[in-house]
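Have a look at the structure below before the remarks.
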Amino acid sequence: MTSTAAAPPPPRAYRRLSVEERRAQLLVAALGLFAHRAPDDVSLDEVAVAAGVSRPLVYRYFPGGRQQLYEAALGSAADELKLCFTEPPAGPPTERVARVLDRYLRFVDEHDTGFSALLRGGSVVETSRTTSIVDGVRRAAAEEILSHLGRIGGSGPRSAGPRLRMMVRSWIAAVEAASLIWLDEGKRPPATELRGWLVDHLIALLAATAATDEETASVVRDLLALETSEGPAGRLAELVIPVVAEAAHLLPHAPAAD
């Protein structure tokens with residue numbers, strides 16, 4: 001009598017990972033741990049377990065131990081974070097910045113403890129190289145924001161002047177600080193509310209700088225020509241103009257009140 005029992009499935013073929021694939025696997029495992037724990041609290045044994053490999057294999061790829069692994073993982077996270085600031089140059093600039101911040105805050109949310117430890121420093125694995133990696137993200141972010149303002153960070157006819165560069169870098173620092181405070185406050189207010197406030201902050205800095213810097217004033221004029229009444233700039237103008245109107249008495253030669 002012929003058996004009708006189903007034949008067992010053939011064994012799954014084992015595929016040896018390439019050097020690049022194995023390294024990427026270890027970095028993904030390490031990033032998963034560094035994302036929610038301070039670097040000092042993550043051991044190579046835990047990385048090995050997370051990756052499903054042996055500790056000696058981790059050392060084979062990262063003979064420098066946790067320091068080398070952390071720097072490599074940090075570099076990988078930095079590349080991901082830089083991509084958050086990449087946005088096609090289409091549509092109103094403030095709406096582009098809003099989309100950038102949505103991605104940035106999503107990254108902060110997903111890497112909470114690791115992001116906090118990274119920016120606050122103080123870790124025994126912090127070195128000049130890790131600091132350089134973080135600074136590289138800040139520079140890349142500033143370059144992208146300047147591009148949305150119609151300027152570049154290098155030399156040339158569209159290069160940003162010192163006041164505009166300082167303003168953008170100050171805003172990047174404020175975004176970092178706000179992100180850390182947001183984590184400390186249990187991720188309150190909601191990310192969308194924080195994003196809106198940070199866009200408003202950028203607009204306010206641009207307006208204040210434009211008051212005494214002709215280049216920034218030119219940037220603001222070009223920016224406003226691209227904005228809409230429904231976008232962040234239009235919404236902020238609707239809220240702020242009535243408030244500013246209350247300061248008319250501070251203007252020179254203001255008419256005396258009855």
Side-chain angles (χ1 to χ4, degrees), residues 31 35 73-111 114-116 118-119 130-183 191-210 213 215-228 231-233 235-236:
L31 278 172
L74 179 59
S76 178
D79 290 340
E80 183 181 346
L81 190 51
K82 288 176 185 176
L83 290 176
C84 292
F85 288 89
T86 303
E87 179 70 23
T94 58
E95 294 182 19
R96 296 181 224 160
V97 173
R99 290 191 290 270
V100 164
L101 287 171
D102 279 337
R103 290 192 294 270
Y104 174 83
L105 291 173
R106 193 176 307 122
F107 180 94
V108 173
D109 184 29
E110 294 172 355
H111 296 79
F115 179 86
S116 180
L118 166 65
L119 290 187
T130 60
T131 300
S132 176
I133 292 172
V134 176
D135 286 343
V137 174
R138 292 171 178 144
R139 288 193 298 271
E143 292 291 328
E144 287 294 332
I145 296 302
L146 282 171
S147 73
H148 294 305
L149 299 178
R151 293 294 186 271
I152 59 175
S155 59
R158 292 178 56 248
S159 61
R163 290 284 300 280
L164 184 58
R165 288 200 308 271
M166 181 181 295
M167 189 228 76
V168 169
R169 291 177 61 183
S170 297
W171 182 74
I172 296 293
V175 169
E176 286 187 8
S179 301
L180 292 173
I181 295 169
W182 185 63
L183 293 177
T192 53
E193 186 176 330
L194 175 59
R195 176 255 290 156
W197 181 76
L198 289 172
V199 174
D200 289 349
H201 189 183
L202 177 61
I203 298 171
L205 280 174
L206 280 165
T209 308
D213 181 62
E215 180 202 9
T216 306
S218 175
V219 165
V220 169
R221 285 192 292 270
D222 292 343
L223 180 150
L224 291 177
L226 299 172
E227 296 294 323
T228 66
R235 177 186 54 79
L236 185 61

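From a predicted model like this one, the values you see are computed outputs, not experimental measurements. FYI, side chains are in, hydrogens and waters are out, and symmetry mates aren't considered; it's all heavy atoms of this structure.
- In this structure, CG on L105 lies 9.5 Å from SG on C84, to the nearest 0.5 angstrom.
- Side-chain atoms of R195 and T192, non-hydrogen and from C-beta on, do get closer than 4.5 Å to each other.
- Residues T228 and E95 are in side-chain contact: their nearest non-hydrogen atoms beyond the backbone lie under 4.5 Å apart.
- One finds the CG atom of L223 at 11.0 Å from the OG atom of S218 (value rounded to the nearest 0.5 Å).
- Atoms OG1 and CZ, on T86 and R99 in that order, are 13.0 Å from each other to the nearest 0.5 Å.
- Residues passing the side chain to side chain donor-acceptor pair (under 3.5 Å) test with D135, sequence neighbours excluded: R138.
- A distance of 11.0 Å separates OG1 of T216 from CE of M166, quoted to the nearest 0.5 Å.
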Which atom pairs, donor and acceptor, lie under 3.5 Å between side-chain atoms of residues 196-207 and protein residues at least two apart or in another chain?
| unit_1 | atom_1 | unit_2 | atom_2 | d |
| --- | --- | --- | --- | --- |
| D200 | OD1 | R235 | NH2 | 2.9 |
| D200 | OD2 | R235 | NH2 | 3.4 |

side-chain contact (heavy atoms from CB on, under 4.5 Å) assessment of L101 paired with V97: CA-CA 6 Å; L101 287 171; V97 173; 4.1 Å; yes
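- For H111, the ring pair (Phe, Tyr, Trp, His ring centres under 6.0 Å) partners at least two apart in sequence or on another chain are F107.
- In this view, R103 and E87 satisfy the salt bridge (charged side-chain N to carboxylate O under 4.0 Å, His left out) rule, not counting sequence neighbours.
- Note that the CG atom of L236 and the CD atom of E227 stand 10.5 Å from one another [nearest 0.5 Å].
- The minimum heavy-atom distance linking A233 with T94 is given by the pair N-OG1, 3.9 Å.
- Take D79 and apply the side chain to side chain donor-acceptor pair (under 3.5 Å) test, not counting sequence neighbours, and it matches no residue.
- You'll find the side chain of S179 stays beyond 4.5 Å of the side chain of L183, heavy atoms only.
- Looking at residues two or more places apart in sequence or on another chain, you find a side chain to side chain donor-acceptor pair (under 3.5 Å) between E215 and R151.
- Residues D109 and F115 fail the side-chain proximity criterion, which asks for heavy atoms closer than 4.5 Å.
- The minimum heavy-atom distance between A141 and I172, with the atom names listed, is CB-CD1, 3.8 Å.
- Separating the NE2 atom in H148 from the CZ atom in F85 is a distance of 9.5 Å, to the nearest 0.5 Å.
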